[in-house]
Every structure is written in structure tokens, then in C-alpha cells.
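Have a look at the structure below before the remarks.
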Amino acid sequence: MLLVNQIRENYEGVLAGLQKRNFPNAQAILAQALEIDDLRKSTQTQRDQIQAESNAISKQIGALMKEGKSDEASEIRERTAQIKIQIKELEDQNSKAEDDLKALLYTIPNVPHSSVPAGKSAEDNEIILENGVIPELFPGKQPHWELIKKYDIIDFDLGVKITGAGFPVYKGKGARLQRALINFFLDEALAAGYTEIQPPILVNEDSGYGTGQLPDKEGQMYFATADQLYLIPTAEVPITNLYRDVIVTEENLPIKNVGYTPCFRREAGSWGAHVRGLNRLHQFDKVEIVQITHPDDSYETLESMSAYVQGLLQKLELPYRVLRLCGGDMGFTSALTYDMEVYSAAQERWLEVSSVSNFETYQANRLKLRFKGDDKKTQLAHSLNGSALALPRIVAAILENNQTPDGINLPKVLHKYLGFESI
RNA sequence: AGAGAGUUGGGUGAGUGGCUGAAACCAACAGUUUGCUAAACUGUCGUACGGGUUAAACUGUACCGGGGGUUCGAAUCCCCCACUCUCUGCCA
């Protein structure tokens, strides 16, 4: 969430940013936040003063009791009754103001970076780069949902039998392709200086709030009711939460972590014609990169993460494009997001395979993720993450783009991981 | 799942109603001494939110797992919850 001081010190900037997102009633909400904060401060000042008085009296009573002057002590004690009522009242007002402020701040999205284009929907996203060659396929080309049947490598019907729709079973070369991609992505990240993390894939409620999945996206996560645990929708949740309530030393920045996990998404109500086959699943595999940086470095880091993800796509020889998301299409918590899309040549569609975002202090504020430098001051760090990469759509594009009448030729870079070259 | 023990500052750990925001030790940081290192000595050494300041200094309040209660006063007493550890059971 935003800091009130951010709003106070840069009111015009925050307002303009929220308007770029088409955030309704921005002006009224910001004004309200400041008003509640003023109330919060004034009630705290009053409460603290009276509390100080009360503390002084208590000390005095203690001293008198020790001297055996119990008459005087009980005389003073009578005065405390009224003070207690006052404290209670101010305390209530103050904590209500705090709660109100927090509740309000939870509803305000992050302020977009200045480079974020205005716009309402995916239509307004800015295509900043296109790379790679879109293959010319032969007349009998098939979409991946046909190919996986033809070569018997991914089985949706079996998944339905043992679990339900959206839980595919990978078989034979299909399973090995999954494993090869995961290993390839992890090895690349290691070579780029990331430390590998293998986190739990169920998380508690605190972690859900830490990265912002709760309270907003509660219905999107699977929930194990007996133990009150959520199945993670992305490794971002457990990995970023490693740094919840942590004050890191400045010299340890940037922190670079990578993790492979399965991801679980209920995707309630978002099924339709465009989500056949591997395009949208309830369970899928993803390698995620996370960085915690000094605020001065986060945008440079974002560019490097974007370049890193593009490098993966180049090595996989997939045609891709990079979008800078517009204010209206960007995630709630992000300040700047690049989406990477690969071209899936049989579906003749661009598919989102990665989303790389800088959250600035928005997540760090919730997480209480801070760093301390030489000046001994603690301040909020910046957090970033990106998919590197999500497997299913990569698999879809690899299968479709490399198909021939005689089989599917797999990218060279995967051969040593696969132990075979084609399907 | 059953029984028991526990949760204090970066770490170990003392503390059963006022002298405790918290002993002591360790770690860390700064300085003195030293040819360097080490050792010794001295000092600093939690967080949050207020007030105050150009910024500091300074200052108030809260926080000893979380929440509530008793009391003039709670780390300390009472209640509820969460978590951790040990033993037993089960199990990859």
C-alpha cells in the first residue's frame, strides 16, 4: 500500500498517477486519507499527553506507598478515574482512525511510473519491441491442443479423471519437456546471479496479505480449510514473504532469488473460447525471479530483468514482443510492468508468458521490508518480480511454431536437458 | 492425534506487580592503544508512531508471541488464541 506521507508530500503527483489508471474518485479518496491521518495524529498527541500524566501519577503513588503515606496515595488515586476514561476515549478514536486509514490505503492502487501510458484496457498497451521471426507453417498446421493428442504427450482427459478440468497430465516426452524447461530456466537464472529457493507451496494468511493477494484476490486461491492455508498462485508469494518483517543491511542489496514451483489458480469465472488447451490452467509450472533492491536502483533492475527474460525467449528461438502496460491494464500493486508475449503460430495469437514488474515500496510497505545503510536510518526497499518463465504457453508456442509434417523439432538449447531432439 | 514444556532485544539468557525498554554475556559499530593483525580498554548499540527542528539535537507514547481482562501501576496475575519444542502414536 501507499504511504500517507507519499500522498502528503506529493499530492499532485499521486493524484495524476491515479488518474492515469482511471482510478475513480481519486481526489476525494486522497483528501479523505489526509483528513483521517490528521485525526490520527491529533488524537495520538492528546492521548500521549494524558498517558504521560497518568504514568507520572502512578509513579507518585508508588513512591508514596513505599513511604507509608497511604492516605495521600489514595487521595491522588481518585484523580485517576477520570483520566482513565479520557485515555480510553482517545485511544478508541485513535485506533479507529488508524484502522480507517489502513482500510482506505488498502483500496488505493500503486502510483504508475511516469513512463506508463494512459489507457483503459489491453488495447492501450504500448508495444515497445518485437523480435524474432514468425514462422511460415505448412497448410496442415495444427494448434497445440491437437498436437498433444497426436503425439500423446499431454492428456487433459486423464487430468479430468483424477482431478478436474485445467489439470493436465504430462506424459512421456511431454513430461520430459516440462522437466527440461524447468532445469533450463533455473540454470540460466543461476548463471545470472540468482540464488535458488525452494519454498513451501502452501502459505498462511499473513503471507497472502504481505504480497497483496489478500484481501483482493481471495477467491482466486485454493484454500485448504482444515489448516487455513492457501495454495500459492505464484512463487512470488512465498519468496517475497521470506523478507517480511526483515531489515536487511544495505550492502546485501540487491537480493536476487529464483524459484521453481507449481502454481495454482482457481480462475473463477474467467473461462471462454480463448483459453483452450494450455492457454489457461488451474495448475501450471513456473520459474519466478524476485529482486529486492535499493530504491535508487530499482528501475535499472527492472530493465535488466526484462532483458534477462527476453534473452530466454531468444535462446528458445521464439518470436516475441514486449509491451509496456498502460495505467488501466496494470496490476493493482505495480508501478511499471512489462509483459512479454510469444507468438503462437498455429493459433495465430500472441500469448503472455511473462510479466515483469517494479512494485517500488508498495509491497515493501505491507511487508515491512526495510534496509539500513551507513546512516543507520531504516527505509523501505523496492521489490520486483517476473516470470522467467511460465511453462504452459511456452510449451504451446514451441509445439506449434516448430511443427513439421514429420514431427516437432525442439529448440537446440533444450537438447542437452531433453536427451532427444524432436517429438 | 494424546501428554508435557515453552515463546523476552541480532544471538544466548535473567527477570513473579512500581527502582525494567528491559540485567549479564556474545555478536556488531565507533574510538583509544598497537608496526599490522589480535588482545585490552572506552563508548554506541531495538522498532513504530507523535511533538519538535531547514536537518539534527531533544522529547512523549506504545511494544517482552497475538488479543482481551484485573490494577493507580503488568514482561510479571487471570482468560482466549496462535506458534515452537520434547515424548508417545502414525507416516514418505
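Throughout, protein chains are lettered first and strands after them, A, B, ... in sequence-line order, and every chain is numbered starting at 1.
Counting to the nearest Å, the P atom of G67(B) and the CD atom of E205(A) are 15 Å from each other. Rounded to an integer number of Å, the gap from D245(A) CG to A48(B) P is 11 Å. Counting to the nearest Å, the P atom of U84(B) and the CG atom of N204(A) are 10 Å from each other. The CD atom of E91(A) sits 10 Å away from the P atom of A62(B) (whole-angstrom rounding). Rounded to an integer number of Å, the gap from I61(A) CD1 to C19(B) P is 14 Å. Protein atom CG of N5(A) is 13 Å distant from nucleotide atom C1' of A48(B), rounded to whole Å. The interatomic distance linking K377(A) (NZ) with C45(B) (C1') rounds to 18 Å, in whole Å. In this structure, R47(A) places its CZ atom 11 Å from C1' of A48(B), rounding to the nearest Å.
Under a 4.0 Å N-O distance rule, the pair K171(A)/D155(A) qualifies as a salt bridge. Taking a cutoff of 4.0 Å between a charged side-chain nitrogen and a carboxylate oxygen, K120(A) and D124(A) do not qualify as a salt bridge. Salt-bridge formation is detected for the pair K315(A)/E188(A): a Lys NZ or Arg NE/NH1/NH2 atom is positioned less than 4.0 Å from an Asp or Glu carboxylate oxygen.
Of the residues S355(A), S387(A), S306(A), the one that meets the side chain to side chain contact (heavy atoms under 4.5 Å, CB included) test with D339(A) is S355(A).
Atom name P, nucleotides G9(B) and A57(B): the rounded distance is 26 Å, in whole Å. Across G6(B) and G21(B), the matching C1' atoms stand 23 Å from one another, rounded to whole Å. Annotation: C77(B) and G17(B) have their C1' atoms spaced 8 Å apart (nearest Å). With both ends at atom C1', the span from A14(B) to A3(B) equals 29 Å, rounded to whole Å. If you take atom C1' in A23(B) and the same atom in C45(B), they sit 16 Å apart, rounded to whole Å. Atom C1' of A55(B) sits at a distance of 43 Å from the matching atom of A82(B), rounded to the whole Å. Rounded to a whole angstrom, the distance from the C1' atom of A48(B) to that of U42(B) is 31 Å. Across the P atoms, C49(B) and G13(B) are found 31 Å apart, a figure rounded to whole Å.
Here L34(A) contributes atom CG and Y11(A) contributes atom OH; the two are 6.5 Å apart, rounded to the nearest 0.5 Å.
At the heavy-atom level, S42(A) lies nowhere under 4.0 Å from the strands shown. Among the protein residues, Q44(A) comes within range of the nucleic acid bases, having at least one heavy atom under 4.0 Å from a base atom. Contact annotation for I57(A): no contact, since no heavy-atom pair falls under 4.0 Å across all strands.
The side chain of Q51(A) places no N or O atom within less than 4.0 Å of a non-bridging phosphate oxygen (OP1 or OP2) of G60(B). In this model, the phosphate group of U47(B) is not approached by any side-chain N or O of K368(A) to a distance below 4.0 Å at OP1 or OP2. Dashed line: the shortest gap from a side-chain N or O of K84(A) to OP1 or OP2 of U71(B) is not under 4.0 Å. Contact annotation: R370(A) side-chain N/O to A48(B) OP1/OP2 distance is under 4.0 Å. Between N55(A) and the phosphate of A62(B), there is a side-chain N or O to OP1/OP2 separation shorter than 4.0 Å. The shortest distance between the side-chain N/O atoms of R40(A) and the OP1/OP2 oxygens of G50(B) is below 4.0 Å. Applying the 4.0 Å criterion to OP1 and OP2 of A48(B), one finds that T378(A) has a side-chain N or O inside that range.
Closest contact between the side chain of T45(A) and the listed nucleotides U61(B), G51(B), C72(B) involves G51(B). Nearest to the side-chain atoms of S58(A) among the listed nucleotides G60(B), A56(B), C72(B) stands C72(B). Among C72(B), U47(B), G60(B), the nucleotide with an atom closest to any side-chain atom of A52(A) is G60(B).
Relative to the six-membered ring of Y151(A), K173(A) misses at least one condition, a distance below 6.0 Å or an angle of at most 45° to the axis.
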task: Could you give me the CA-CA distance, side-chain angles and deciding distance for Y194(A) and N257(A), then say whether side chain to side chain donor-acceptor pair (under 3.5 Å) is met?
output: CA-CA 5 Å; Y194(A) 289 87; N257(A) 286 163; over 6 Å; no

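Between R77(A) and E53(A), the residue whose closest nucleotide on RNA chain B is further toward the 5' end is E53(A). Between T80(A) and I247(A), the one whose closest nucleotide on RNA chain B sits nearer the 5' end is I247(A).
Helical stems in RNA chain B, defined as runs of 3 or more consecutive Watson-Crick or G-U wobble pairs with donor-acceptor distances under 3.5 Å: B:1-7 with B:82-88, B:10-12 with B:24-26, B:28-32 with B:40-44, B:46-51 with B:58-63, B:65-69 with B:77-81.
For an aromatic pair to be called close, the ring centres must be under 6.0 Å apart, and H382(A) with F359(A) fails this.
Side-chain N or O atoms of R265(A) include one that pairs as donor or acceptor with a backbone N or O of P233(A) at under 3.5 Å.
Between M1(A) and N365(A), the closest heavy-atom pair is O-ND2, 2.9 Å.
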